[in-house]
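See below for the structure under consideration.
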Number of protein chains: 2
Amino acid sequence: MTTDTAPLTHIVDDDEAIRDALSWLFRTRNVPCATWPSAEAFLEAWQLEWRGCIVMDIRMQGMSGLDCSTALRQRGSTLPIIFITGHGDVPMAVGALKRGAFDFIEKPFDDNALVDVVQSALDEDARNQARRSTRVDVAARLEQLTGREREVMGLILAGKFNKVIADELNISMRTVEVHRARVFEKMGVRSAVELAQQLTLAGLYNNAAPLAE
Amino acid sequence: MTTDTAPLTHIVDDDEAIRDALSWLFRTRNVPCATWPSAEAFLEAWQLEWRGCIVMDIRMQGMSGLDCSTALRQRGSTLPIIFITGHGDVPMAVGALKRGAFDFIEKPFDDNALVDVVQSALDEDARNQARRSTRVDVAARLEQLTGREREVMGLILAGKFNKVIADELNISMRTVEVHRARVFEKMGVRSAVELAQQLTLAGLYNNAAPLAE
DNA sequence: GCCGCTATTGTGGATGACCGCAAGCCTGCC
DNA sequence: GGCAGGCTTGCGGTCATCCACAATAGCGGC
């Protein structure tokens with residue numbers, strides 16, 4: 001549980017000279033970083049909890065940077081990725097960005113510009129972190145619910161009265177009350193309003209209440 | 001109120017030959033389109049309600065495509081913009097995409113590819129439309145609320161009891177009830193739960209209820 | 001068989017939400 | 001001055017929610 005989740009800038013490049021240069025650059029600017037000699041090495045070590053950003057060459061021996069980013073996204077990573085390339089073209093850059101890359105920089109690059117970009121990538125990751133952690137938290141709470149409780153919760157969020165819920169589930173009102181109380185307890189809220197806010201905010205329950213009239 | 005809101009693909013280019021070619025291409029593919037000889041002309045005619053997408057040359061006489069997109073965004077347009085360029089470079093493409101462009105295509109382009117991109121841009125606009133219209137709708141309803149009603153609504157969304165709200169506002173419970181009813185009525189909901197969902201979904205009220213424990 | 005978890009139900013009471021009816025006060029506008 | 005709109009309040013009643021106390025029952029695991 002003592003996982004190191006401090007933001008880290010990951011340098012992924014198969015060229016040792018570049019790795020060293022970037023590493024030196026970031027360290028002198030007080031940006032904590034780590035280096036990886038290949039996409040494969042990084043992918044293997046990568047953990048979902050990692051924060052920070054990735055500075056990766058797009059063309060490498062073995063797995064390409066683009067494929068690496070695809071693999072990361074599939075595994076749920078949201079780390080901002082900054083691609084670096086020596087022989088990039090417009091379609092490649094467009095493709096990378098449309099797939100969610102944070103930036104795409106050509107070599108040779110300006111040291112200050114790169115550090116600035118990394119900084120804003122770190123900022124973005126920090127911002128994402130807040131949202132993500134509430135979502136994870138809410139999802140964990142949802143996991144604790146029993147089937148019946150989830151069922152009742154759905155009907156509560158549909159704005160139905162306990163009486164109606166009881167009818168629909170063919171159980172007594174009292175039972176609904178019990179489930180309702182458990183749902184509130186497990187979800188850590190004290191009212192249906194808070195419950196609705198929490199789930200809607202986390203994007204885990206889009207009831208999309210139709211507007212009247 | 002009979003504004004024409006049918007999706008339209010706007011071609012903005014100062015080269016008449018290109019306009020004609022694109023116009024012909026889209027028409028033969030059953031993609032309704034309109035042409036504009038300059039960014040200025042388009043900007044002047046543009047209406048917030050317009051739907052569809054924009055295919056625009058990035059380099060034109062007078063205002064550039066990039067500046068035009070900036071102007072459009074400032075005025076609230078969310079129309080997807082596809083840039084076309086004959087002399088683009090990577091930084092230009094990256095800049096355009098990071099500012100929200102939908103795509104960035106180099107000349108010469110493949111007809112089929114362009115039509116595909118336009119199609120997906122139109123799809124995206126249609127998707128956005130749903131979200132936007134509910135947000136606009138909710139915003140309009142919020143406008144109708146009186147100051148006091150907004151105040152009460154805030155406390156309702158904070159999950160407080162009428163009694164507490166009455167205390168905090170130094171008014172009677174009955175008054176709170178009246179405001180509460182008016183809020184529900186004007187917002188077109190029938191319960192606090194629906195209210196919370198509607199506002200949270202529209203992103204117009206982020207109460208960010210803190211998780212317990 | 002006992003334990004833990006889940007689902008179920010009842011009674012009765014306290015508290016809160018919602019509503020119709022009625023009405024007083026103040027402000028800005030014609 | 002009258003009128004509209006907003007803010008205020010009281011009364012009395014209905015309906016819904018929440019909760020403590022109490023209890024039954026099925027299911028899977030030790």
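Lettering follows sequence order; numbering is per chain, from 1.
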Scan nucleotides 4-19 of chain C nucleotide by nucleotide, 5' to 3', and note B when protein non-hydrogen atoms come under 4.0 Å of the base, S if they reach only the sugar-phosphate, - if neither.
--SSBBBB----SSBB

side-chain hydrogen bond (donor to acceptor under 3.5 Å, both in side chains) test vs B:K186 passes for just one of B:E143, B:E149, B:Q144, namely B:E149

Establish, from distance only, whether the side-chain atoms of B:R51 and B:N128 form a donor-acceptor pair under 3.5 Å.
no

Please list, one pair per line, the donor and acceptor atoms closer than 3.5 Å that link side chains of residues 119-126 of chain B to other protein atoms, with sequence neighbours excluded.
residue : atom : partner : partner atom : Å
B:S120  : OG   : B:D116  : O            : 3.4
B:S120  : OG   : B:V117  : O            : 2.9
B:D125  : OD2  : B:G52   : N            : 2.8

Which donor-acceptor pairs under 3.5 Å do the side chains of residues 58-66 of chain B make with protein atoms, sequence neighbours left out?
residue : atom : partner : partner atom : Å
B:S64   : OG   : B:L66   : N            : 3.4
B:S64   : OG   : B:D67   : N            : 3.1
B:S64   : OG   : B:D67   : OD2          : 3.4

Stepwise side-chain contact (heavy atoms from CB on, under 4.5 Å) test for A:K98 and B:F102
CA-CA 8 Å; A:K98 287 187 76 174; B:F102 184 79; 4.2 Å; yes

Is the distance between the ring centroids of B:H10 and B:W50 under 6.0 Å?
yes

Taking distance alone, no hydrogens or angles, what donor-acceptor pairs closer than 3.5 Å link side-chain atoms of residues 156-165 of chain A to residues at least two apart or in another chain?
residue : atom : partner : partner atom : Å
A:K160  : NZ   : A:E168  : OE1          : 3.4
A:K160  : NZ   : A:E168  : OE2          : 2.8
A:N162  : OD1  : A:R180  : NH1          : 2.6

First locate atom CZ of A:R73, then atom CG of A:L79, and finally report the distance between them rounded to the nearest 0.5 Å.
7.5 Å

Quick one: CG on A:D103 to CZ on A:F83, what's the gap to the nearest 0.5 Å?
11.0 Å

Is there a donor-acceptor pair under 3.5 Å between the side chain of B:R27 and the backbone N or O of B:V31?
no

Net bend of the helix from C:dG1-D:dC30 to C:dC30-D:dG1, end axes of five pairs each, nearest 10 degrees:
30°

Contact boundaries of DNA chain D with chain B (under 4.0 Å, heavy atoms), 5' to 3'?
D:dG6 to D:dC11

